[in-house]
*Asks:* 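Sharing a structure, written as structure tokens. Questions coming.
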Amino acid sequence: MILMMWWALIGSAQQVDSVRQRMDSLQYALQEMKMKELLLRNALDESGRGAREDSLRKVEQKHRIDSLRQITPGVPLVIEEDTLLYIYASLGGDDPAHRVEAVARKVTQIGKSLKLTTDSMHIFESEYTADVMCGEIVLIRVSDLDGLWNGMSRRELAEQQMRILSVEIEKLHADYGLEAKLTGLGWAVFLIVVQVLLFLLTARFIRYLRKLVLEGVNGRLKPLVVKGYELMNVYQEEHILLLLTRILQIFLVVVQLFISLPLLFSIFPETEKFTWNMINYVWSPLRDMVVSIVRYFPNLVKIVVIIYVVRWVLRGFRHLSDEISVGHLKIDSFYQDWAVPTYHIIRIFIIAFTLVVLWPLLPGSDSVVFKGVSIFVAALFSLGSTTTIGNLISGIIITYMRPFLVGDYVRIGEQEGEVIEKNAFITRLKDIKGNVVTVPNNSILSMQTINYTAAVRDGKGSVVHSVFTFTYHVPRETVEAYLLEGAARTETIEKDPKPFVLYTALEDFYTRYEINGYTKATDRLFAVYSELHKNIIDVFHEHDLDPTSSHFIKMQEVKS
């Protein structure tokens, strides 16, 4: 279907061209008929009119020709971008365009020939035309109709056109003749020899520079040290200098070729256009860049001013954040640990707003390619950062909920340890074995979090507890006293408030006891529990109680 539509369009275009050509042919035919009418009138006037009427006839004839010339553009004869003359009338079945094409081809062929003599140019008059000849070649035929279009006789017009074509042929021969070719060849050889010598001098100069570099520039190369840190040693500096010499060599060669090649091609007229095309290939991008920079300069000034203002605004917020975080500035209901994350949130919003303002000012922001790339990057960011954005939002929520701080001993789900890092995306814990556990912020909101250190900040401390069971024949006062004594021996358990015992369950064969005590050593709870259990076992053994199973029984009963 598409191919059929395409062929239909091509056919319609060809029909339009055909109609246009027919209209042009009809217009030329109409003009020729009018000019022939003038010729007939002229013949009738010559046969029977007097001298007084003849002058009036010429005035009227000139007026009619001028009127036709205003509405009928002639076909120009253009050679080497130089317009020589115009042809208005057809001759011998050839319209003006074909006549101009034939004359241009002959003049160019004769002018560019290696041998030429314009002395052989003459005018040959026949019954109907005056021919401008160059030897045996007819350059152009001039009819009475051509003379009438130009307001002169055909002989006068032929002589005028012969002078014009003679000058043009001599000009072409001066540019394309044998003498010009030999002169151009000499200049070409001279330029090639000069360019080869320049290549040799450039290579010799580069070898001299490389020799200086390899010799360490006479021992003056020293390691580059900044604040005690060695950024580059002498070997690395030599390597960079050698690379720079190679770049310099390439640059010099390119500059020489950029100058010599256009000169070489401009020697011969046949390749002169190629020279200008080659120069335009380099000059046009540079010119466009300069013009674009000049036109973009007002927007560039706006961008610089906006960035400068935003930079100082961010500095003001950063100073305010630092003052709050160190405690120099206090705001009611605003905690010190909120200062830095709040600053980062404000910074993100300010930068995003700045990008929205600067976006229309960027070069090419309204182009289709720029918009397409922007949409592609936005899609990649949206599809690839879902989890990242979730962790970021969770980190912000955790920051302002303050379930724990850096340094707190917490339990998050199944992980327990000291909080050593908390940022916008993850939280890191250090467990009792020294391992660092990374927990995504997104999962913290969905898990239970226990902060042991928060109880210490409240004053009393966190409660540690442990469960023990004894049979019913062991007096509860005895068990309670032993448990409290074991807790009293534990140094990390506070004496005030005092430890206490809870009776948590009455089972079928035993009673369940729970010893509780306050501790402020929440950063090492594992050590607190270990010391508490050790002291309780020691107390039991000192009073002949032995934990032989899940129940504690008297040693005497076991012996009996």
Side-chain angles (χ1 to χ4, degrees), residues 403-404 408-419 429-435 437 439 443-444 446-560:
F404 49 80
D408 290 356
Y409 193 86
V410 298
R411 183 179 182 87
I412 302 175
E414 299 296 328
Q415 304 297 330
E416 184 175 313
E418 179 186 357
V419 180
L429 306 178
K430 186 175 183 180
D431 62 12
I432 60 176
K433 297 182 179 180
N435 300 320
V437 182
V439 184
S443 62
I444 294 178
S446 61
M447 293 189 297
Q448 184 181 16
T449 302
I450 302 175
N451 190 340
Y452 298 105
T453 308
V456 177
R457 286 196 293 267
D458 293 339
K460 291 183 180 181
S462 179
V463 176
V464 294
H465 59 87
S466 187
V467 176
F468 298 88
T469 57
F470 285 88
T471 57
Y472 287 108
H473 63 269
V474 179
R476 65 172 183 79
E477 295 85 357
T478 302
V479 176
E480 182 176 356
Y482 292 166
L483 292 176
L484 292 175
E485 183 179 353
R489 294 183 183 182
T490 305
E491 296 180 356
T492 53
I493 292 181
E494 299 294 319
K495 303 301 184 290
D496 186 21
K498 295 180 179 180
F500 58 92
V501 177
L502 297 177
Y503 302 87
T504 58
L506 298 176
E507 306 292 348
D508 293 339
F509 303 104
Y510 54 85
T511 304
R512 190 183 300 276
Y513 302 90
E514 183 182 85
I515 179 65
N516 296 270
Y518 293 91
T519 180
K520 294 184 178 180
T522 54
D523 57 338
R524 46 194 180 94
L525 286 178
F526 60 94
V528 175
Y529 276 106
S530 177
E531 186 179 1
L532 174 63
H533 293 158
K534 181 187 67 173
N535 292 331
I536 291 176
I537 292 175
D538 291 341
V539 172
F540 289 161
H541 280 268
E542 290 173 2
H543 294 84
D544 293 332
L545 286 177
D546 187 16
T548 57
S549 66
S550 61
H551 309 152
F552 285 93
I553 60 176
K554 286 187 178 182
M555 295 292 293
Q556 292 86 348
E557 293 179 353
V558 174
K559 293 178 181 180
S560 63

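Counting begins at 1 with the first residue of the sequence.
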*Asks:* Can you find a pair of side-chain heavy atoms, one from Arg489 and one from Val539, that are under 4.5 Å apart?
*Replies:*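 Side chain of Arg489 against side chain of Val539, heavy atoms only: contact under 4.5 Å found.
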*Asks:* Nearest 0.5 angstrom please: Thr471 OG1 to His473 NE2, how far?
*Replies:*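 It comes to 3.0 Å.
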*Asks:* Nearest 0.5 Å please: distance from the CD atom of Glu485 over to the OG1 atom of Thr490.
*Replies:*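 If I round to the nearest 0.5 Å, the distance is 11.0 Å.
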*Asks:* Compute the ring centroids of Phe540 and Phe470, then answer whether they are less than 6.0 Å apart.
*Replies:*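 Centroid separation for Phe540 and Phe470: below 6.0 Å.
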*Asks:* Can you pull out every salt bridge (Lys or Arg N to Asp or Glu O under 4.0 Å) where at least one residue sits in residues 509-520? Sequence neighbours excluded, please.
*Replies:* Glu507-Arg512
*Asks:* About how many Å separate CG of Leu483 and CG of Asn535, when rounded to the nearest 0.5 Å?
*Replies:*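 So the gap between those two atoms works out to 12.0 Å.
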*Asks:* Tell me, please, which residues at least two apart from Glu418 pass salt bridge (Lys or Arg N to Asp or Glu O under 4.0 Å).
*Replies:* none
*Asks:* Apply side-chain contact (heavy atoms from CB on, under 4.5 Å) to residues Val439 and Met447 and explain how you reach the verdict.
*Replies:* CA-CA 11 Å; Val439 184; Met447 293 189 297; 4.1 Å; yes
*Asks:* Assess whether side-chain contact (heavy atoms from CB on, under 4.5 Å) is satisfied between Thr469 and Phe509, documenting all intermediate values.
*Replies:* CA-CA 10 Å; Thr469 57; Phe509 303 104; over 6 Å; no
*Asks:* For Tyr409 and Glu416, work out which heavy atoms get closest and say how close.
*Replies:* OH-OE2, 3.0 Å
*Asks:* What's the shortest heavy-atom distance between Tyr529 and Val464, and which atoms?
*Replies:* OH-CA, 3.6 Å
*Asks:* Taking the side chain as every heavy atom from C-beta outward, state whether Leu506 and Tyr472 have any atom pair closer than 4.5 Å.
*Replies:*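 Yes, close enough: below the 4.5 Å cut-off.
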*Asks:* Passes side-chain contact (heavy atoms from CB on, under 4.5 Å), Val479 versus Phe468? Steps please.
*Replies:* CA-CA 9 Å; Val479 176; Phe468 298 88; 5.8 Å; no
*Asks:* Please determine whether the number of non-hydrogen atoms from other residues, nucleotides or ligands lying under 6.0 Å from atom CD of Glu542 exceeds 12.
*Replies:*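 Check passes, neighbour count above 12.
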*Asks:* Is there a donor-acceptor pair under 3.5 Å between the side chain of Thr519 and the backbone N or O of Thr492?
*Replies:* yes
*Asks:* Provide the closest heavy-atom pair for Val474 versus Tyr513 in the form atom of the first, atom of the second, distance.
*Replies:* O-OH, 4.4 Å
*Asks:* Take atom CD of Glu477 as the centre, draw a 6.0 Å sphere, and report whether it contains more than 12 heavy atoms from other residues, nucleotides or ligands.
*Replies:*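 Check passes, neighbour count above 12.
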*Asks:* What donor-acceptor contacts under 3.5 angstrom involve side-chain atoms of residues 494-503, with partners at least two apart or in another chain?
*Replies:*
{"residue": "Lys495", "atom": "NZ", "partner": "Ile493", "partner atom": "O", "Å": "3.4"}
{"residue": "Tyr503", "atom": "OH", "partner": "Arg476", "partner atom": "NH1", "Å": "3.3"}
{"residue": "Tyr503", "atom": "OH", "partner": "Glu480", "partner atom": "OE1", "Å": "2.6"}

*Asks:* Distance check, rounded to the nearest 0.5 Å: Ile515 atom CD1 versus Leu484 atom CG?
*Replies:* 5.0 Å
*Asks:* Between the main-chain N or O of Val410 and the side-chain N or O of Asp408, is there a donor-acceptor pair closer than 3.5 Å?
*Replies:*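 Side chain of Asp408 to backbone of Val410: no pair is present.
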